[in-house]
There are 2 protein chains.
Amino acid sequence: MVLSRIILGLLAIAPMTGYDLKRHFDSTVGHFWSADKAQIYRTLAQLVADGLAEVETVAGAGAPDRQEHRITAAGRAALAAWLESAPERQVERDPFLARVFFGADLDDDGFRALIAGRRETTSARLAGFERLRAEADAPDRAARLRLATLDNGIAHLRTELAWLDAVEEELA
Amino acid sequence: MVLSRIILGLLAIAPMTGYDLKRHFDSTVGHFWSADKAQIYRTLAQLVADGLAEVETVAGAGAPDRQEHRITAAGRAALAAWLESAPERQVERDPFLARVFFGADLDDDGFRALIAGRRETTSARLAGFERLRAEADAPDRAARLRLATLDNGIAHLRTELAWLDAVEEELA
DNA sequence: CGCCACTAGTAGACAAGTCCCCTAGGAGAT
DNA sequence: ATCTCCTAGGGGACTTGTCTACTAGTGGCG
């Protein structure tokens, strides 16, 4: 459900192929939603079946044909309805915290490696987010909102790094 | 996979029924992992089939029979292996941020309601976490690690509230 | 010429997770 | 006496998501 609405949201910005969408999920919207390629194509087919999007095959000039999907009026209505709808129940699922929770069964080296691994991926992600943030400009309200979600990610990544420091210090 | 290992971790603390486990997922480990009842019973059956846990039916004195599950030696080995294994790829999925991302399609009242709703659930969760935190004591390393995961949740919830304030101010 | 990377899309198997339904006994409230 | 809640344990349908592999064309590199 959420995936289909995010796709509709992206199609509302511009007509796209499944491939274009995949790139968005790997960059612009990747900080709050990830999606598998196969899942995207399936959801896209479903949107077309439900009349929320239309396909147009565009012959590729020296490249594979593009199946351009564009949002329909019904699609825009569905997107608006979702935006105003009640929030989905939030699932908190963090395998890293699960390991920390049972971390007593781990020796000291193992625990340190666990923390170090998390710090690495966290700061790598933070660096990526901050680069995106620096490159972005916010001319209008829509762009400012999109940037706000990126700021949310940045804030949480910084919180995570601070927490990692605290945990390591407490165990030193 | 992660669910099965968390269950093993809980069984390593004490033998439990599926029902007991469900209560843990609704309280102690709920801040980093949620699980549906049906999923827990299925996973438990799988663990028994794989020889990682054993069942013993305990006749209930004036209550339904309890199917007590206890971890086996193989189960402890599997838990240890998972603790040291490479981290699962982390999925970031937040339907709320998705709504904010496309929030320009929302009128001002709708947007304010969205933010207000998030603030409510966030502070409610924070209050719950802080109560758990206040009630808890940390006599040993294992308990301190478990508390650290709770602190992680608290830190992120506070970050979220601060971000909500910033977003609202920027749009005022 | 062969190899690799990129664009574009598809198929199928599986794993994971949610939702709604059900049985049953006991306890306490109305 | 009936109703509802709590404990305890399921079943089955369905949706969502992941992984692997495959087709097919283009362009660049050595």
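Just so it is clear: chains get the letters A, B, ... in the order the sequence lines come, proteins before strands, and each one is counted from 1.
A heavy atom lying under 4.0 Å from DNA chain C marks the following residues of residues 14-24 of chain A, by number: A/T17, A/G18, A/Y19, A/D20, A/R23. Contacts between residues 29-36 of chain B and DNA chain C, defined by a heavy-atom separation under 4.0 Å, are made by B/W33, B/D36. For residues 37-44 of chain A, proximity to DNA chain D is found at A/A38, A/Q39, A/R42, defined as any non-hydrogen atom under 4.0 angstrom from a strand atom. If you check residues 79-94 of chain A against DNA chain D, you find no residue with a heavy atom closer than 4.0 Å.
With hydrogens and angles disregarded, no donor-acceptor distance shorter than 3.5 Å links the side chain of A/T122 to the backbone of A/L161. Looking at B/T72, its side chain does come within 3.5 Å of a backbone N or O of B/G51 through a donor-acceptor pair. In this structure, the side chain of A/D94 engages the main chain of A/F96 through a donor-acceptor pair within 3.5 Å. A donor-acceptor contact shorter than 3.5 Å is absent between the side chain of A/S34 and the backbone of A/G30.
For A/D165, the salt bridge (Lys or Arg N to Asp or Glu O under 4.0 Å) test picks out A/R119, with sequence neighbours left out. With sequence neighbours excluded, the residues that form a salt bridge (Lys or Arg N to Asp or Glu O under 4.0 Å) with B/R131 are B/E135.
Following rounding to the nearest Å, B/Q46 (CD) and C/dC14 (P) show an atom-to-atom distance of 14 Å. Atom P of nucleotide D/dT15 and atom CG of A/D50 are separated by 12 Å, given to the nearest angstrom. In this entry the distance linking CZ of B/R66 with P of D/dT7 reads 11 Å, nearest Å. The CD-P distance, from B/Q67 to D/dG9, rounds to 6 Å in whole Å.
Under the 4.5 Å side-chain heavy-atom criterion for ILVMFWY residues, no single connected hydrophobic cluster contains both A/L11 and A/M1.
A/D108 and B/R141 are joined by a salt bridge, as a carboxylate oxygen and a charged side-chain nitrogen come within less than 4.0 angstrom of each other. Checked for salt-bridge contact, B/D140 and B/R144 miss the test: no charged N lies under 4.0 Å from a carboxylate O.
A cation-pi arrangement, defined by a distance under 6.0 Å to the six-membered ring centre and an angle within 45 degrees of its axis, is absent between A/R5 and A/W82.
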